[in-house]
Amino acid sequence: MRIGHGYDVHRLAEGRRLVLGGVEIPFEKGLLGHSDADVLVHALMDSMLGALALGDIGKLFPDTDEKYSGADSMKLLAEVVRLIGSQGYRIVNADVTVCAQRPKLSPYISQMRENIAGVCGCEVSQISVKATTEEGLGFTGDGSGISAAAVCLLENKTS
Ligand code: MG
């Protein structure tokens, strides 16, 4: 078995869509980034890559590559899942925490889990998504950005 951790931050800006866990969430701002800036999925992908010491998504999908401009992070996740499969591993479970002062994310959590489980080819029960605020503190608290942290466990398919 291999365990991995991922962490990501994106800045909130006007005139951008807010996409988290593949769900477009109505809000006055969205996350800034080269791709769709789905910070939740970015942290999750980095945890999977980290578990196998395969680097990070910046290495796999460079933001200097026009191919990834506005990219759907769920499609990038599918590529990461394929990569870990090609290395002989499958997902046991993953747990992601998103820190956002606003908007309230609880109405969207079950859809996020379904989206991620669908792309990962696993059961919804293997994918945990949690949301929290940081009590008004720091850059998530003042609404300048959203962060996400993830851990995942992979197992060798032959074990
Ligand atoms: Mg990112």
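Atoms within each ligand, like the ligands themselves, are counted from 1 in listed order. Because only heavy atoms are used, hydrogens play no part in the values below, and waters and symmetry mates are left out as well, while side chains stay in.
For Val96, the side chain to side chain contact (heavy atoms under 4.5 Å, CB included) criterion is met by Leu40, Leu44, Ala150, not counting sequence neighbours. Scanning for salt bridge (Lys or Arg N to Asp or Glu O under 4.0 Å) contacts around Lys75 gives an empty result, with sequence neighbours left out.
As a member of the Ile/Leu/Val/Met/Phe/Trp/Tyr network built from side-chain separations under 4.5 Å, Phe139 groups with Tyr7, Val9.
In the hydrophobic clustering of this structure, Val41 groups with Val119; members are Ile, Leu, Val, Met, Phe, Trp, Tyr whose side-chain heavy atoms approach within less than 4.5 Å, directly or through other members.
More than 12 heavy atoms of other residues, nucleotides or ligands shown are found within 6.0 angstrom of NZ on Lys130. Sparse packing is recorded around CZ of Arg11, with 12 or fewer heavy atoms of other residues, nucleotides or ligands lying under 6.0 Å away.
For the Mg ion (ligand 1), the neighbouring protein N/O/S atoms at less than 2.8 Å, given as residue and atom, are Asp8 OD2, His10 NE2, His42 ND1.
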